[in-house]
Number of protein chains: 2
Amino acid sequence: MSAAIRSPQPPLTRSVEDYLKSVFHLTSQGGFATTSDIAAMLEVAPPSVSGMMKRLSETGLIEHVPYRGVQLTPQGRRAALQMIRRHRILESYLTSKLGFDWGDVHVEAERLEHAVSEKLIERMADALGEPRYDPHGAPIPTAAGEIEEAELVTLAEADVGGSVILQEVDDEHPERLHYLAEQGLTPGVRLRVIERQPFNGPTIVRRDDGTTRVVGQELGLLLFCRPTDGE
Amino acid sequence: MSAAIRSPQPPLTRSVEDYLKSVFHLTSQGGFATTSDIAAMLEVAPPSVSGMMKRLSETGLIEHVPYRGVQLTPQGRRAALQMIRRHRILESYLTSKLGFDWGDVHVEAERLEHAVSEKLIERMADALGEPRYDPHGAPIPTAAGEIEEAELVTLAEADVGGSVILQEVDDEHPERLHYLAEQGLTPGVRLRVIERQPFNGPTIVRRDDGTTRVVGQELGLLLFCRPTDGE
DNA sequence: TTTGATAATTAGGCTAGCCTAATACCCTGT
DNA sequence: ACAGGGTATTAGGCTAGCCTAATTATCAAA
Ligand SMILES: [Mn+2]
Ligand SMILES: [Mn+2]
Ligand SMILES: [Mn+2]
Ligand SMILES: [Mn+2]
């Protein structure tokens, strides 16, 4: 038996936490997260990513295959899921308990997630009744680090003629979220895909109340749907 | 096209914010904050303070008189008061709305104060009904940057025979705060100073319910009281 | 198979914040 | 007036994270 005590690891920095989240999101469909994708997501230069990847693989949070990309180790995945839980609980709490608009909570959570204690997050989760989805429909990992995985398709590529449930909406653009709320395009709504214009044109959908919406491709790519096979 | 508009001032870092708070607290009775006092309060080495004081005076947040100490400029004072408001609103919110113990909120607020937005603080203040004192009895600065100043005396030096109202309690030591709560020594309580033992001995006080408490000097120095002249 | 575009890495530099060790300053007691 | 002790500053160094410019690896097209 190794006497190696579970390292009294130094707390992760804000940067490290955000890198881990990025890698998690970029590898959620499997495969590797590339340097340039991470750089784009975090708005840093690619060499900054190379440098950070070196450090993170030295500390065992990621596996780095040079010139290929990176994946999270189990330890890195745990840390990433913890951050995602924090982020989504915060978004939920700000929305439900402090009257924040669903368009404004992401940027706030992006900072707070690095400053809250485990205890505070669990108090918030408790006050909310252990929510399973955040205000944008994204699943909230459990405190134990489990997260629901779902096969979703964007509205921009959903089969014409089929029906879908709008499940999750990209949370990063306040103005788009305001617009979507106005249009009644919020998680949970059922939509029938009526038509799609060619050349990356808009998708036309009908809500259950009979009204229709014309959704451009840019927006459609941010609406994640679950197809409902029947009618 | 247009003249490049530079953001007037980059956001303050966590370190800078904590230094400004320290200077505020150390100069609240007037005079200068010394390098070694700041160093002790922030648990950094004195040269770190010298370096930071240089930068802060270059950015106009403090006035530095070499070998004497520092004071806040109006701009530095505004920033410090804003941080103190954040800190105290956070402590109040965590206590009132999320069931935190008054001994545990300080350390949590010490981190969160650097991550919350102005908007979030005002939402919390609103939810609390614009509280004027934090859980430890410290006055909360207004959003406009005004703070109540009071002449308080520690229980360890209050006149024997007089009466005092316990107004404010040092907030940094969880165990001491737990003990004080047990003893019913919380802000607002009225105490008659019965006796004080010599050689920095304890102060004996009587509460309005007739029970007495023996308060050692170490604890007594952390209890800030307002003398009530009458009986 | 060579080549060129693209992506990734390395090289070198910068700032914020911290440190220790060395030095300078200030004040008080003689 | 001056010496010592204590405090403050300067000198020099380190890490985390970021940057740009230069270099190298990969891969697909010619
Ligand atoms: Mn978000
Ligand atoms: Mn973040
Ligand atoms: Mn506090
Ligand atoms: Mn702080």
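Below, chains carry the letters A, B, ... as their sequence lines are ordered, and counting in each starts from 1. Below, each value reflects all heavy atoms present in this structure, side chains not excepted, and no hydrogens, waters or symmetry copies.
Between the side chain of T142(B) and the main chain of G145(B), a donor-acceptor pair closer than 3.5 Å is present. Side chain of T59(B) to main chain of L56(B): a donor-acceptor pair is present (N/O by atom type, distance under 3.5 Å, no hydrogens or angles). Proximity of a side-chain donor or acceptor of R85(B) to a complementary backbone N or O of A144(B) within less than 3.5 Å is not detected.
When heavy atoms are screened at a 4.0 angstrom cut-off, S48(A) is found touching base atoms of the nucleic acid. At a threshold of 4.0 angstrom between heavy atoms, the contacts of T35(A) are confined to the sugar-phosphate backbone, with no base atom among them. The residue R68(A) sits close only to the backbone: its heavy atoms come under 4.0 Å of sugar-phosphate atoms, none of a base. Residue contacts for S15(A): at a heavy-atom cut-off of 4.0 Å it reaches the sugar-phosphate backbone alone, with no base atom in range.
At least one side-chain nitrogen or oxygen of H64(B) sits closer than 4.0 Å to the OP1 or OP2 atom of dT9(D). Remark: S36(A) is in phosphate contact with dA8(C), judged by side-chain N or O atoms under 4.0 Å from OP1 or OP2.
If you measure from atom CD of E58(B) to atom P of dG17(C), you get 13 Å, rounded to the nearest angstrom. Rounded to whole angstrom, the span from the CZ atom of F32(A) across to the C1' atom of dA8(C) amounts to 15 Å. Here the P atom of nucleotide dG17(D) and the CD1 atom of I38(A) are 15 Å apart, to the nearest Å. With rounding to whole Å, E43(A) atom CD is found 15 Å from dC19(D) atom C1'. Taking atom CD of E17(B) as the reference point, atom P of dG17(C) lies 10 Å away to the nearest angstrom. Following rounding to the nearest Å, Y67(A) (OH) and dT24(D) (P) show an atom-to-atom distance of 9 Å. Rounded to whole Å, the distance from CG on L12(A) to C1' on dG17(D) is 15 Å. Following rounding to the nearest Å, L61(B) (CG) and dA16(C) (C1') show an atom-to-atom distance of 15 Å.
Distance from the side chain of R55(A) is smallest for dG17(D) among the nucleotides dT9(D), dT9(C), dG17(D). Set against dT10(D), dA8(C), dC18(C), the side chain of Y19(B) has dC18(C) as its closest nucleotide. Of the listed nucleotides (dC18(C), dT9(C), dT9(D)), dT9(D) has the atom at the smallest distance from the side chain of P46(B). In the set dC19(D), dC18(C), dT9(D), the nucleotide with an atom closest to the side chain of V44(A) is dC19(D). Of all nucleotides listed (dC18(C), dT24(D), dT20(C)), dC18(C) comes nearest to the side chain of M52(B).
Salt-bridge check for R14(A) with E113(A): failed, with every basic side-chain N at 4.0 Å or more from each acidic carboxylate O.
Between the side chains of Q71(B) and T27(B), no donor N or O sits under 3.5 Å from an acceptor N or O.
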